[in-house]
Amino acid sequence: MTTLACYRCGRETTAGPRCDCGEPLWFVPDGAFTPQDLPGMWRYTDLLPVDNPVGLGAAAGGTPLLRTERLDAVAGCRVWVKDEAENPTGSYKDRGSAVAVAQATQRGRTAIGTVSYGNMAMSTAATAASAGLDCVVLVPIDTPPVRLELIASYGPTVLRVPGDYGTLYDEVLDLDVSVEFYLSDPPERIAGYATCVHELVTEAPDPPDALALPASSGGFASGVYRGLLDCRAANLLTDLPRLYVVQTAASDPITRAFEADAEEVSSLPADEVEDTVATSIGNPAPPSGTRALAAARATGGAVVSVTDDELTEAKRQFAERAGLSVEASAAAPLAGVQTLGERGELAADESVVLLPTGTGFKEAGTGDSSVTIETVERDALRERLTAVGQ
Ligand SMILES: *Cc1c(COP(=O)(O)O)cnc(C)c1O
Ligand SMILES: [Zn+2]
């Protein structure tokens, strides 16, 4: 059983998605923390608002927690990785889609929709397809062909919409249609994201000192915070690990609010937003930004920004030191931890769990020029190979 409540004023309600105070709601579990013998994230069904995995949703979560020793030297602390790229469509969004689609099915919906050209679109389309629901994805007019191909492969109706994309969500919610549109941070999705923490806390040999994750809308950070509170309520944690929220310097409203000691996150004006390699984390008006800020503060963590160069370098380190291909946005936790270490906020003997949120495979063919490949003539092969492994 779960109750819909506001994280900020504690008010309980039966209807969402927002509290009267303006902040987003989440589900507070009042069920027992008793892991079930079910696959992936459904081990924690007791803490979810649904108990009926449908289609691909049954494969969400259950991602590995890896001790990645070779990242310690570059991160400046003891690094663990909870690899969210290993979800069925390659991002943590699948945990949210699993709950959202299960709930849509329960409510008798036949069609769901989303406004996204990234992982949210792919995850929603794939999970809907597997559950036999129609899916509509609204994308900006200039969405790159590679993106369209990935989204379209799951068979949704993809509609390119000209004009200001930022206002599209509000507009579609006002259209009186039978398609249920999902925002990036509804309570169902947040509940799904929380299972990432339920898994890692129950699997980690010792409670970590800190967690680091990328943030855009602040939905994932909110889910992770919810998961930490659940684990503390179940006495699996005495102290909450510090939550480090990492943004791209190209669009970092949450970092700015943190540094300014502001109560709330304000939207960035369009002329303060830059292009970035981190295409999944550029939201200048994060609907759960203030909640992500609250999570960092309440746990004694911080919000930091990193540059494109730092993201590209961190992406390379993930691959070359941990064998993990992550997208540039998902490399943010490693880049952020490096920055925090330099500031003296993290000690070398502390353990930090990085949460890379999405696979790098989807960025193939997008022009990463950091790889150098040699050609070698056959008669030079022996000599060349002699130098390898020296
Ligand atoms: C959606 C997404 C994020 C940002 O998550 P929010 O919930 O919007 O803060 C980060 N990384 C990847 C790979 C994503 O797809
Ligand atoms: Zn409230």
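On a predicted model such as this, the values are computed, not experimentally measured, just so you know. Indexing begins at 1, ligand by ligand and atom by atom, following the structure's order.
Under a 4.0 Å heavy-atom criterion, Tyr193 is not in contact with ligand 1. Heavy-atom separations between Gly218 and ligand 1 include at least one value shorter than 4.0 Å. Within the structure, ligand 1 lacks Gly118 among the residues with a heavy atom less than 4.0 angstrom away.
Across all non-hydrogen atoms, the minimal contact from Cys135 to Thr124 is SG-CG2, 4.1 Å.
Atom CZ of residue Arg232 and atom CG of residue Leu229 lie 6.0 Å apart, to the nearest 0.5 angstrom.
For atom 15 (O) of ligand 1, the choice among Glu84, Lys93, Gln247 with the nearest heavy atom turns out to be Lys93. With distances taken over non-hydrogen atoms, the option nearest atom 9 (O) of ligand 1 out of Ala331, Ala328, Ser288, Ser216 is Ser216.
Residues Arg242 and Glu350 meet the side-chain proximity criterion, which asks for heavy atoms closer than 4.5 Å. Here the side chains of Ser216 and Ser280 are not in contact, with every heavy-atom distance at 4.5 Å or above.
Under 4.0 Å from ligand 1, the heavy atoms of Ile281 that appear belong solely to its side chain.
Annotation: Ala330 places no N or O atom under 3.5 Å from an N or O atom of ligand 1; distance criterion only. Polar contact check, Ser217 against ligand 1: a nitrogen or oxygen pair lies under 3.5 Å apart. For ligand 1, the polar-atom distance check against Phe220 finds a nitrogen or oxygen pair separated by under 3.5 Å. Looking at Asn119 next to ligand 1, an N or O pair under 3.5 Å apart turns up.
Taking every heavy atom of Gly358 and a limit of under 4.0 angstrom, the matching atoms of ligand 1 come to 13 (C). The ligand atoms of ligand 1 that sit less than 4.0 angstrom from a heavy atom of Gly219 are 6 (P), 7 (O), 9 (O). For ligand 1 and Ala215, the ligand atoms under 4.0 Å from any heavy atom of the residue are 9 (O).
Judged purely by atom type and a 3.5 angstrom limit, Thr290 uses its side chain to pair as donor or acceptor with the backbone of Val265. When atom types are taken as modelled, the side chain of Arg189 and the backbone of Lys93 share a donor-acceptor pair closer than 3.5 angstrom. Under the 3.5 Å distance criterion, the side-chain polar atoms of Arg321 are left unmatched by any main-chain donor or acceptor of Val74.
In terms of protein heavy-atom proximity, atom 5 (O) of ligand 1 is nearest to Tyr92 OH, 2.8 Å. When hydrogens are left out, the protein atom nearest atom 12 (C) of ligand 1 is Thr357 OG1, 3.2 Å; that is the closest non-hydrogen contact.
The aromatic rings of Tyr225 and Trp26 sit tilted relative to each other, their planes meeting at an angle between 30° and 60°.
Side chains of Asp134 and Thr157: no donor on one and acceptor on the other come within 3.5 Å. No side-chain donor from either of Asn283 and Ser217 sits under 3.5 Å from a side-chain acceptor of the other.
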